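What follows is one structure encoded as structure tokens, with my remarks underneath.
Predicted model only: the values in this text are computed from it and were never measured.
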Amino acid sequence: MKKVIKTLKRDNSKDGRKAHNDNRYIKVGRVRMNSWINKVLPAADIIISERELVHIGNKHNKELVALGFDSMSYVQAIIQSCQEVYEDNKSHAYLFVLRQTPIHPMAHCAIIEMELAWMEQKRVYKIKTARPEYWSRLSQNNLLCTKAAIK
């Protein structure tokens with residue numbers, strides 16, 4: 001009788017396939033105390049799962065390659081240079097936005113959609129997705145704060 005040994009994949013974030021049991025998270029930033037965002041949102045770490053990084057890389061690969069980013073550097077660039085925070089009217093998530101003043105309603109901006117959650121008795125922001133968004137679609141959400149207004 002042959003013994004079959006199943007091996008688990010060590011790291012699925014590099015090969016472009018999602019794992020159904022992926023629960024590995026990476027800290028990519030933080031809403032800090034006394035920051036301009038902290039005026040409307042509580043301070044907490046910002047985390048992303050490997051599964052979500054794979055999703056962002058697969059879904060937006062052409063845009064990211066054209067900009068010279070991989071999925072992780074795209075997420076980090078938005079977090080580090082965020083200029084506005086919106087509240088998503090449908091899913092009760094928060095949208096961190098990196099954009100310039102729109103030239104026209106169909107102009108794109110880069111957003112991260114995330115939600116406040118509890119993980120092991122610690123409050124965190126879990127990133128649900130990161131994507132380009134049309135300004136006209138984003139403007140339908142509630143603006144919570146801007147960096148320029150709170151300096």
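Between atom CD of residue E87 and atom CG of residue L143 there is a gap of 11.0 Å, rounded to the nearest 0.5 Å. In this structure, OG in S49 is found 9.0 Å from CD1 in I127, a value given to the nearest 0.5 Å. The OG atom of S35 lies 9.5 Å from the NZ atom of K147; values are rounded to the nearest 0.5 Å. Rounding to the nearest 0.5 angstrom, the gap separating the CE atom in M72 from the CG atom in L53 is 5.0 Å. Between atom CG of residue D88 and atom CE of residue M114 there is a gap of 12.0 Å, rounded to the nearest 0.5 Å.
Considering every non-hydrogen atom in both V31 and P42, the closest pair reads CG1-O, 3.7 Å. Nearest heavy atom pair, residue I26 against residue E50, reads CD1-CG, 4.2 Å. The two atoms that bring G57 and S71 nearest to each other are N-CB, 3.8 Å, heavy atoms only. When all heavy atoms are compared, the tightest approach of I79 to G29 is CG2-CA, 4.3 Å. Closest heavy-atom contact between A130 and Y74: CB-CE2, 3.9 Å. C145 approaches V40 most closely through the heavy-atom pair SG-CG2, 3.5 Å.
Under the 4.5 Å side-chain criterion, counting only non-hydrogen atoms from C-beta, T129 is in contact with H55. In this structure, the side chains of L41 and L116 stay at 4.5 Å or more apart for every pair of heavy atoms. At a threshold of 4.5 Å between non-hydrogen side-chain atoms, the residues I46 and V124 do not count as touching. Counting only heavy atoms from C-beta outward, the side chains of Y134 and S139 never approach each other to under 4.5 Å. Side chains of H60 and P132 form a contact here, defined as non-hydrogen atoms less than 4.5 Å apart. Side-chain contact between V28 and I47: absent, with no pair of heavy atoms (C-beta onward) separated by less than 4.5 Å.
In the hydrophobic clustering of this structure, V65 does not group with I56; members are Ile, Leu, Val, Met, Phe, Trp, Tyr whose side-chain heavy atoms approach within less than 4.5 Å, directly or through other members.
Judged as a side-chain contact (heavy atoms from CB on, under 4.5 Å), and not counting sequence neighbours, the contacts of S73 are F69, D70. Taking R30 as the reference, D45 meet the side chain to side chain donor-acceptor pair (under 3.5 Å) condition, with sequence neighbours excluded.
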query: For Y25 and I48, what are the C-alpha separation, side-chain angles and deciding distance, and is it a side chain to side chain contact (heavy atoms under 4.5 Å, CB included)?
result: CA-CA 5 Å; Y25 288 88; I48 190 166; 5.9 Å; no

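In this structure, E113 pairs ionically with R131, as a charged nitrogen and a carboxylate oxygen lie closer than 4.0 Å. Taking 4.0 Å as the cut-off between side-chain N and carboxylate O, K126 and E115 do not count as a salt-bridged pair.
Taking a 6.0 Å sphere around CZ of R123, one finds it holds more than 12 heavy atoms contributed by other residues, nucleotides or ligands.
Using a 3.5 Å distance cut-off with no hydrogens or angles, the side chains of E84 and Y86 do pair a donor with an acceptor.
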